[in-house]
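Everything on this sheet refers to the single structure shown next.
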Amino acid sequence: MDTPHSPSSCSSSSSSSYSWEGHAADTISLEPEEPQTPIAVRRALQLLKSGLPELRLQAARDIRKLTKTSQRCRRQLSESVGPLVSMLRVDSAESHEPALLALLNLAVKDEKNKIKIVEAGALEPILSFLKSQNPNLQASATAALLTLSASSTNKPIISASGAIPLLVEILRDGSPQAKADAVMALSNLSTYPNNLSIILETNPIPFIVDILKTCKKSSKTAEKCCALIETLVDYDQCRTVLTSEEGGILAVVEVLENGTLQSREHAVGTLLTLCQSDRCKYREPILREGVIPGLLELTVQGTPKSQIKARTLLQLLRESPYPRSEIQPDTLENIVCNIISQIDGDDQSGKAKKMLAEMVQVSMEQSLRHLQQRALVCTPSDLPIAGASEVSFK
């Protein structure tokens, strides 16, 4: 995850806050470094080069702090990548999580460090940590994979390492935070086309749906869940699984209603793909989940892509997808009334009619604002007498 994991800053003044236990630190001499390099950075690098596990552990903790908010420190500490990766391999279990968190912060918003960490051989120990019984270590490893997978260079390497099936296991059994990070990591990896077949083999849809049902619909997690689902429903096997999962379609509809603008775009894209792939099969399951109010709102308030997709989906959800004659123009109101007439239950019909009324109100308000703006650029003599007193000219 591109979110650092501990506080501090990269400045020479910060060295006064460091205390070293025992007498071993007294034997460490600072080698000549670049004069601009802060003392704390030089000290951390020197401790990392020592052969003493306790000093290397302290260095990892210091590097984690120094790189939390400072991009400059991430650059200056890039040479620590190799020694930190070696700590993941050979040092005691106590050092694994501090070293991993230091690497995680080094990789945040730093493409070069992301690539360097993978090239240094970090994936093998990180994948082993995904299987750990220690939930904190497992969560940190998942967060590290999320951050590393943001690099286009790393995506094929990560998938080739066998990470995808392990991430799907995290979706099933991990902590809530680990599950959220795993979804986002898989979403990152899915943008590399060759990775999709590997993701499909793991059948992740049931676990993604479970996460989507329980997470806040306006969250980043929901956005990434919907992005991943939208990608996967291009494949028939995933469409079948999504609709067979209890609450699967409903979870997508809830995001369409309450998600972020980007989430709603992914949600309507998912439903549109379903209906376009097999209208007869998916029209009724989508309608049963009360999608109409959310679609109507998207036609007014969604992103440009959402608006187009929402209108297209409304066309497909009507009783007949074919255009009407010129005598009966295919307006949005006609489409919606056609759909409403096919839906059982007064509540759904009432919601749709209410939404239509609100759309009309919004349209009237927008028209009124437009007229007022036009009036402001006119001269007083151009204005109707009744409205002249309501417009001030400065």
With Pro204, the side-chain contact (heavy atoms from CB on, under 4.5 Å) member among Ile229, Val183, Val168: Val168
Same hydrophobic cluster for Leu250 and Leu313, using side-chain heavy-atom links shorter than 4.5 Å among ILVMFWY? no
Can you list everything that forms a side-chain contact (heavy atoms from CB on, under 4.5 Å) with Glu119? Sequence neighbours excluded, please. Ile115
How far apart are the closest heavy atoms of Ala144 and Leu100, and which atoms are they? CB-CD1, 3.9 Å
Go through the side-chain N and O atoms of Asn258 and Arg264 and say whether any donor and acceptor fall under 3.5 Å apart. no
Quick one: closest heavy-atom pair of Asp181 and Ala143, and the distance? OD2-CB, 3.7 Å
Could you tell me if Arg56 and Ser86 have a donor-acceptor pair between their side chains, going purely by distance under 3.5 Å? yes
I'd like to know if the side chain of Gln307 reaches the main chain of Gly302, judged simply by a donor and an acceptor atom lying under 3.5 Å from each other, with no hydrogens or angles considered. yes
Common cluster, Ile308/Leu256, ILVMFWY with side-chain heavy-atom separation under 4.5 Å: no
Qualifying residues under side-chain contact (heavy atoms from CB on, under 4.5 Å), relative to Asn203, sequence neighbours excluded: Pro206, Val241
Where the side chain of Lys216 meets the backbone of Thr221, is there a donor-acceptor pair that is under 3.5 Å apart? no
What closest approach, in Å, do Thr153 and Glu111 show between heavy atoms, and which atom pair accounts for it? OG1-OE2, 4.3 Å
Just by distance, do the side chain of Asn154 and the backbone of Ser149 share a donor-acceptor pair under 3.5 Å? no
Please evaluate residues Ile208 and Leu242 with respect to the criterion side chain to side chain contact (heavy atoms under 4.5 Å, CB included), reporting the C-alpha separation (whole Å), side-chain torsions for both, the decisive distance (0.1 Å), and the verdict. CA-CA 10 Å; Ile208 299 171; Leu242 176 63; over 6 Å; no
How far does CD1 of Ile117 sit from CG of Leu103, to the nearest 0.5 angstrom? 5.0 Å
Side-chain (Ser187) to main-chain (Met184) donor-acceptor, under 3.5 angstrom: no
Using the side chain to side chain donor-acceptor pair (under 3.5 Å) definition, which of the options Gln58, Arg64, Lys65 pairs with Asp62? Gln58
Identify which one of Leu189, Thr231, Thr191, Asp234 satisfies the side-chain contact (heavy atoms from CB on, under 4.5 Å) criterion when paired with Leu196. Thr231
What pairs meet the salt bridge (charged side-chain N to carboxylate O under 4.0 Å, His left out) rule with one or both residues in residues 156-180, with sequence neighbours excluded? none
Asn136 versus Glu97: any side-chain heavy-atom pair under 4.5 Å? yes
Worked check of side chain to side chain contact (heavy atoms under 4.5 Å, CB included) between Ser78 and Lys112: CA-CA 9 Å; Ser78 62; Lys112 290 183 179 179; over 6 Å; no
Drop me the distance from Glu79's CD to Leu84's CG, to the nearest 0.5 angstrom. 11.0 Å
If you group Ile, Leu, Val, Met, Phe, Trp and Tyr by side-chain heavy-atom gaps below 4.5 Å, do Leu148 and Tyr192 land in one group? no
I'd like to know if the side chain of Arg239 pairs up with that of Ser277 as donor and acceptor (distance under 3.5 Å, no hydrogens or angles considered). yes
Report the residues that fulfil side-chain contact (heavy atoms from CB on, under 4.5 Å) with Cys238, sequence neighbours left out, ordered by chain and then residue number. Leu200, Ile205, Leu232
In short, Arg61 meets Glu94 closest at the heavy-atom pair NH2-OE2, 4.1 Å
Provide the closest heavy-atom pair for Cys226 versus Val255 in the form atom of the first, atom of the second, distance. SG-CG1, 3.6 Å
d(Arg74 CZ, Lys109 NZ) to nearest 0.5 Å is 7.0 Å
Glu230-Thr270 side chain donor-acceptor pair, cut-off 3.5 Å: no
In sequence, state the C-alpha distance, the side-chain angles, and the governing distance for His266 and Thr260, and then conclude on side chain to side chain contact (heavy atoms under 4.5 Å, CB included). CA-CA 10 Å; His266 291 309; Thr260 63; over 6 Å; no
Within the side chain of Arg43, is there an N or O that forms a donor-acceptor pair under 3.5 Å with the backbone of Pro38? no
Where is the tightest heavy-atom contact between Tyr282 and Leu274, given as atom of each residue plus distance? CD1-O, 3.0 Å
Is any side-chain heavy atom of Ser306 less than 4.5 Å from a side-chain heavy atom of Leu261? no
Flag side-chain contact, heavy atom, 4.5 Å: Leu314 against Ile292: yes
Side chain to side chain contact (heavy atoms under 4.5 Å, CB included) between Thr147 and Lys114, intermediate numbers included: CA-CA 8 Å; Thr147 299; Lys114 286 181 174 72; 3.8 Å; yes
Do Gln138 and Ser132 pair up side chain to side chain, a donor and an acceptor below 3.5 Å, judged on atom types alone? no
Side-chain donor-acceptor pair present, Asp110, Gln71, cut-off under 3.5 Å: yes
Taking side chain as C-beta onward, heavy atoms only, is Asn105 less than 4.5 Å from Leu66? no
Which residues satisfy the side-chain contact (heavy atoms from CB on, under 4.5 Å) test with Ala310, sequence neighbours excluded? Val268, Leu295, Leu298, Thr299
With a 4.5 Å cut-off on side-chain heavy-atom distances among I, L, V, M, F, W and Y, is there a chain of contacts connecting Leu145 to Ile198? yes
Supply the atom-to-atom distance Thr243 OG1 to Ile249 CD1, rounded to the nearest 0.5 angstrom. 6.0 Å
Assess, by modelled atom type and distance only, whether the side chains of Asn195 and Ser159 contain a donor and an acceptor separated by less than 3.5 Å. yes
Between Asn113 and Val108, is any pair of side-chain heavy atoms under 4.5 Å apart? no
Listing, residues 123-130 side-chain donor-acceptor contacts under 3.5 Å, not counting sequence neighbours, or none:
from   : atom 1 : to     : atom 2 : distance (Å)
Glu124 : OE1    : Arg89  : NH1    : 3.4
Ser128 : OG     : Pro125 : O      : 2.5

Taking C-beta and beyond as the side chain, do Lys220 and Lys224 meet within less than 4.5 Å on heavy atoms? yes
What I'd like to find out is whether the side chain of Thr202 reaches to under 4.5 Å of the side chain of Leu171, using heavy atoms alone. no
Value rounded to 0.5 Å, distance of CZ in Arg75 from OG in Ser70: 11.0 Å
d(Glu54 CD, Leu57 CG) to nearest 0.5 Å is 8.5 Å
